[in-house]
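Presented below is the structure to which this report refers.
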Amino acid sequence: MKTAITPTRAENFSEWYQNLIVAADLAESAPVRGCMTIKPYGWAIWELMRDEMDRRIKAHGVQNANFPLLIPIDFFNKEAEHVAGFAKECAVVTHHRLKMIDGSLQPDPDSKLTEPYIIRPTSETIIGEAMSRWVQSYRDLPLKLNQWVNVMRWEMRPRMFLRTSEFNWQEGHNVFATHEEANADARKMHKMYGDYMREILAIPSIMGEKTPEERFAGADHTYTLEHIMQDGKALQAGTSHDLGQHFSKSFGIQFLGNDGKLQHGWTTSWGTTTRMMGSMFMIHSDDDGLVLPPFVAPYQVVIIPITREDTAEKLNAYATELGEKLRATGVRVLVDTSDMRAPDKMWKWIKRGIPLRVEIGAREMESGDVTITRRDIGRESKRTIQATDLIASVNNIMTDIHNDMVARVEKRNAEMIHDVADLDALDAALANGEIGFFRIKYEMTTNEQFEGLMEKYKITRRCLDDRDPTYVFVAKSY
RNA sequence: CGGGGUGUAGCUCAGUCUGGUAGAGUGCUUGGUUUGGGACCAAGAUGUCGAAGGUUCGAAUCCUUUCGCCCCGACCA
């Protein structure tokens, strides 16, 4: 059977992924090293994801703000671990003017900045500086801030959506009076992300704490959401950090308690990025292209009139009218009356992952029927129902699709997680070509033998198992 | 930054070794026949051959310089 995407997932997974992005018209690589242009269809998905995430963030009492893109270099210098973590991937702004020199436009040597700026790779430092002024009294706490911005990390190995030099994200930064509150907050945001990914993106996450080796630069605790791709590799899709007092001490975030004593605050930071989109595309899609979870699909339903020359006008009008009735139930509908052949339209929207396709031919227009096909299941789900029944049930169909998608990923995740008794068993499984996550006692991974396996198989510790933190998941990752 | 590739039509690439004035597939436009899971026929448009310099009667092709990108390593939301 011919597939819309070649090669297929089984033939070459990473090439399939690249072609998927292009075929679904989501993004293309930009004329800037490591960067991508997110195209309108891809951005529409991000806007839906962002809007829902933003609602949930605000429901936690967080306020949005916007901090500068450029960060003075000495801000970065204030937290030692943090510098070490990001120094190797920073873009630096050194000049403020261009000049024509020997016929080519170059930074004007006379415009060199006395102190360079770095383009933010993350904003703990510049937000920390602001917080040190904004937090004076215990009455100012908790202070909860978030921003939706782009950041830049000069990554060595870019991949569309998964790792680009520039990416968009939300970064939340909170301050509390006590460590208990801060840690509870980091966990709360972690859980919020997990719920969001399941309820909106139809992705059940592997959730847990990062081991000390894998922690964020400058954090006491890092809570992560790991996703399992169809090829068994891991992808970190979101994190929440308990930063302890590292940043409050580096930046002087201090307040007077109601006991009259001056003390340092306790901060958290938490973020999700456009990488979530990559995860969602990789997890749900198939050899015919994108499969979108209904709640973030820019169009949830596409109506395709199967026209002939003599019926086109009436059928297009009828389809448009049906589209209006469906829209009135709250679903996002596209009526494709464009000047293309019907089969071409079908493939176009299959590749773009629209959850439900509705086809209407001339006879159906007379009988009041429509033919519907679910994208997540494919042609086996094709059936003919009354248009009035579709209108009555379309929202339930969306929920069904979403729930089925969650269940499918949940089943696959379960199959992809393997318990291993010791390092020899892990070695044997990997040598045998087994893919997925391997669950092993954490204490078994803190030795040279494990270092050797990490090297040999390119595996890393993903996170501790929330259900029993003496166990750790290890896997290959993106 | 080390090792290996590559740059030619919107896209994917052939042509370079052996110099002779620009090609294929796909996409695009038009016309006709088609139309419920990727149609067919015909006609047509599209190029500073990454850039600069050199050799030559003549350069995509040979030489020199230079720039970009891709893959493998270190890094990572």
Side-chain angles (χ1 to χ4, degrees), chain A residues 1-6 14-15 18-19 22-23 28-35 84-90 102-104 120-123 149-159 161-172 193 210 214-217 219 222 224-227 234-241 269-279 288-289 304-312 315 339-351 357-365 369-373 375 378-384 455 458 460 477-478:
Chain A
M1 188 163 53
K2 191 179 172 185
T3 58
I5 309 291
T6 43
S14 48
E15 211 173 309
Q18 295 297 333
N19 291 336
V22 174
E28 61 181 28
S29 69
V32 180
R33 203 206 83 104
C35 294
F86 287 104
K88 281 181 280 186
E89 50 187 55
C90 284
D102 297 334
S104 75
R120 63 182 162 216
T122 180
S123 305
V149 294
N150 51 348
V151 294
M152 178 155 270
R153 298 181 185 177
W154 210 256
E155 300 288 358
M156 294 291 100
R157 183 77 50 78
R159 248 189 139 94
F161 288 104
L162 303 188
R163 192 183 310 102
T164 46
S165 297
E166 179 190 12
F167 58 93
N168 291 269
W169 73 347
Q170 58 72 211
E171 51 176 327
Y193 287 151
K210 283 280 186 196
E214 312 290 339
R215 232 160 21 208
F216 176 74
T222 288
T224 179
L225 296 101
E226 301 288 325
H227 290 172
L235 185 69
Q236 182 175 343
T239 51
S240 179
H241 312 290
S269 72
W270 31 280
T272 51
T273 77
T274 37
R275 175 184 277 182
M276 265 195 305
M277 298 173 81
S279 175
D288 280 334
I304 299 176
I306 311 294
T307 58
R308 289 164 199 270
E309 213 163 308
D310 54 328
T311 61
L315 211 43
D339 184 23
M340 290 202 295
R341 299 174 59 254
D344 290 340
K345 290 186 193 180
M346 285 178 205
W347 282 105
K348 175 177 176 178
W349 298 116
I350 287 170
K351 284 187 284 193
R357 184 171 77 247
V358 177
E359 297 164 24
I360 313 173
R363 285 186 308 280
E364 285 170 325
M365 179 170 61
D369 286 324
V370 293
T371 297
I372 61 173
T373 311
R375 176 64 185 88
R379 62 180 86 189
E380 311 165 23
S381 65
K382 190 166 178 169
R383 62 199 169 96
T384 300
E455 182 80 12
K458 307 287 174 217
T460 47
S477 75
Y478 277 99

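Any value given below was found using the heavy atoms of this structure, including those in side chains, with hydrogens, waters and symmetry copies removed. Proteins get letters first, then strands, A, B, ... in listed order; numbering begins at 1 in each.
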Interatomic distance where CG belongs to A/Asp344 and P belongs to B/U34 [whole Å]: 17 Å

No-H, no-angle donor-acceptor pair, A/Arg163 side chain to B/C76 base, under 3.5 Å: yes

Out of B/A74, B/C76, B/G36, whichever nucleotide has its closest atom nearest the side chain of A/Ile306: B/G36

Under 4.0 angstrom between A/Arg341 side-chain N/O and B/U35 OP1 or OP2: no

Base of B/A77 and ring of A/Trp169 stacked, centres under 5.5 Å, planes under 30°: no

Spacing between A/Lys345 atom NZ and B/G36 atom P, to the nearest angstrom: 13 Å

Nucleotide B/G38, atom C1' - distance to CZ of A/Arg379 in whole Å: 11 Å

Donor-acceptor contact below 3.5 Å, side chain A/Arg275 vs main chain A/Arg163: no

Exam field: side chain A/Arg357 to backbone A/Thr373, donor-acceptor pair closer than 3.5 Å: no

Complementary nucleotide of B/G31, counting Watson-Crick and G-U pairs under 3.5 Å: B/C41

Nearest-Å distance for atom pair CH2/C1', residues A/Trp349 and B/G38: 16 Å

Complement of B/A74, any strand, by Watson-Crick or G-U distances under 3.5 angstrom: none

Touch class at under 4.0 angstrom, heavy-atom based, for A/Gly271 against every strand present: nothing

Sugar-phosphate only, base, or nothing, as touched by A/Arg159 at under 4.0 Å among non-hydrogen atoms: nothing

Nearest-nucleotide pick for A/Arg308, side chain only, options being B/U35, B/G38, B/G36: B/U35

Watson-Crick or G-U wobble partner of B/U61, both distances under 3.5 Å: none

Donor on one side chain, acceptor on other, A/Thr384 and A/Thr371, under 3.5 Å: yes

Under 3.5 Å donor-acceptor, A/Tyr193 side chain and A/Gly271 backbone: yes

Shortest side-chain distance from A/Lys458, nucleotide among B/C76, B/G38, B/A74: B/A74

Sugar-phosphate, base or nothing in reach of A/Lys351, heavy atoms under 4.0 Å: base

Nearest-angstrom distance from the residue atom CZ of A/Phe161 to C1' of B/A77: 14 Å

From B/A77, B/C76, B/C69, nucleotide with atom closest to A/Arg33 side chain: B/C69

Length of the CE-P vector between A/Met340 and B/C28, whole Å: 10 Å

Watson-Crick/G-U partner (both atom distances under 3.5 Å) of B/C69: B/G5

Those residues that, when tested against A/Phe167, pass ring pair (Phe, Tyr, Trp, His ring centres under 6.0 Å) (two or more places apart): A/Trp169

Taking every non-hydrogen atom, the tightest pair across A/Val370 and A/Ile360: CG1-CG1, 3.9 Å

First encountered from the 5' end of RNA chain B, between A/Ile5 and A/Arg153: A/Ile5

Rounded distance in Å - CD (A/Glu455) to C1' (B/G73): 10 Å

G-U wobble or Watson-Crick pairing nucleotide for B/U21 (cut-off 3.5 Å, both distances): none

A/Arg363 side-chain proximity, nearest of B/G36, B/A77, B/G37: B/G36

